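What follows is a single structure, written as structure tokens, with notes after it.
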Amino acid sequence: MEKATFKSSIGTFAAVAGSVVGLGNIWRFPYLAGENGGFAFLIVYLVVSLLVSLPVMLSEFAIGRSQRSNAMRSFKQISSGPWFLVGFLGVASAYIIDSFYMVVGGWSLEFLRKSVMNEFAGQTSEQIAEGFNSYVANGVGPVAWAEISLCLATIIIILGVSKGIEKMNKIMMPTLVCILVILVINSIFFLPNSQAGIDFLFHPDFSKITFKTLLTAIGQSFFSLSLGMGAMLTYASYIQEKEHLPNTAFRVMIFDSTIALLSGLAIFPAVFSFGIDPSSGPHLLFLTMPNIFQQIIGGRFLSIIFFLFVFMAAITSQISLLEVVTAYASEELKIKRWKAALGLFFTMSITGSICALSQSDLGLFVINGHTMFDIFDYASSNYMMPIGGLLIVIFAGYVMPERILHSQLTNNGTQRPLPFYYMVIRFLIRFVSPVFISLMFLNLIGII
Ligand code: PHE
């Protein structure tokens, strides 16, 4: 069976961009930037993305495109040792992340519905907060919407790599950018006192930059660029030989940071304009924003396009997660893609529901006071992704034959845009990236 590919450069870019742009850009980055020195954080973020994260992305790209296989088998084909376990860890991480990501995808659908039906109209901020809390606590709604979100993702996966994933991202990514631009223009030009929000995001405070900030920036950049769990590797297995991988990776990184900044510019001027305390995470999107839309002219329309934006960002990431597991299941079990996707639909329905119900007031699936949703989130972003990322760069830098890395990153020696360019990338992969990821991990487990 011939291996599926993305058909065009634009489609390749859109698909990879669809994976990286997600909730990380919208609900975490702007807040982290505001809290950690504004413009100063932005600089640190860009530097670590370039020096620490980009090498991981390029390693995943090189492994995936050279082997044209799923995350686990790609490692197996290159090395007979236990390295396939790194791929397996990636598949497991993708499964786990997708299980809670689909729940948030579902929330955004419910909020889209509420906006369309104008259900926020006339509600006070207490009522909006109460609405969100009781929705989550009830459990039935979140499960139902998570299933719908999963169902949509499964349909795209079944439609295929080019006709499903590539095509959908080619439509969704430009739409998402257009919506975001409208939201930013509205926030900056039409809301009173928007300058306070812009200041929060950009005030350059270099005194806030500490070792800890550096590590926070690495963690955020990792999550935001979908690294360390096989998503980039799996998508790379569909990238054509003619594409220049470093070029694609660099552009995706810039795009991802731009969307994160624009999200901040859409959200924080509005937050400050209404004198609300900035926060991060679900509260920002599902409590603060509806509250604000409620108070501004054209709020219903803005609320609709805002939740459409959140949903599109979430579903395109969700699809890339699902694809990691689908590619693995269909290739390893030697079954058709649609059968693998359907099988996953059933198992993931269960794990997704567990995540959704763990937040309900039924008190199910809570371990030591931590919901399954939080445990999955915490374990994957703090442990599985950094460990996966670290092992991936070590594999690409020391275990994989160097000719593979060289031919993948230079298109067989034909593309070298800058002098020493390949040497620099290889140096980053072998030395810089592993050291910084290790530091981040050691800090997390409390050793340094
Ligand atoms: N990068 C996505 C975001 O910013 C999350 C994600 C992580 C998606 C890992 C795929 C794989 O939200």
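Remember, it's a predicted structure, so these values are computed and weren't measured experimentally. Heavy-atom basis, side chains included; hydrogens, waters and symmetry copies ignored. Remember, it's 1-based here, ligands and their atoms both numbered in the order they're listed.
The ring of Phe84 has its center no closer than 6.0 angstrom to the ring center of Phe75. Taking the centre of each ring, Tyr31 and Phe268 stay at or above the 6.0 Å mark. For Phe311 and Phe111, the gap between ring centers reaches or exceeds 6.0 Å. Between Tyr235 and Phe6, a ring centre-to-centre spacing shorter than 6.0 Å is recorded. Between Phe202 and Phe39, the ring center distance fails the sub-6.0 Å criterion. Close placement of the Phe373 and Phe100 rings is indicated, their centers lying within 6.0 Å of each other.
Asp256 and Ser224 are linked by a side-chain donor-acceptor pair at a separation below 3.5 angstrom, with hydrogens and angles left out of the test.
Ligand 1 has no nitrogen or oxygen under 3.5 angstrom from a nitrogen or oxygen of Ser320. No N or O atom of Ala231 sits closer than 3.5 Å to an N or O atom of ligand 1. Remark: ligand 1 and Val21 share no N or O pair separated by less than 3.5 Å (distance only, no angle test). Between Leu225 and ligand 1, not a single N/O pair is under 3.5 Å apart.
Those atoms of ligand 1 that come under 4.0 Å of a heavy atom in Ser19, given as number and element, are 1 (N), 2 (C), 8 (C), 10 (C). Close approach to Ser224 involves these atoms of ligand 1, each under 4.0 Å from a residue heavy atom: 1 (N), 4 (O). Here is the list of ligand 1 atoms found below 4.0 Å of a heavy atom in Val20: 1 (N), 2 (C), 3 (C), 4 (O). The distance from ligand 1 to the heavy atoms of Met229 drops below 4.0 Å at these ligand atoms: 9 (C), 11 (C). Interface of Gly24 with ligand 1, defined as ligand atoms under 4.0 Å from a residue heavy atom, comprises 3 (C), 4 (O), 12 (O). Numbered from 1 in the order shown, with element, the atoms of ligand 1 that lie under 4.0 Å from a heavy atom of Leu23 read 3 (C), 12 (O).
With salt bridges taken as basic N to acidic carboxylate O contacts below 4.0 Å, none links Arg337 and Glu331.
Comparing heavy-atom distances from atom 6 (C) of ligand 1 across Ser226, Gly90, Gly230 singles out Ser226 as nearest.
Shortest contact from atom 12 (O) of ligand 1 to any protein heavy atom: Tyr101 OH, 2.5 Å.
Under 4.0 Å from ligand 1, heavy atoms of Phe223 appear from its side chain as well as its backbone. Only the side chain of Leu321 comes within contact range of ligand 1, with a heavy atom under 4.0 Å; no backbone atom does.
Distance check, rounded to the nearest 0.5 Å: CD1 of Ile209 to CG of Leu214 gives 8.5 Å.
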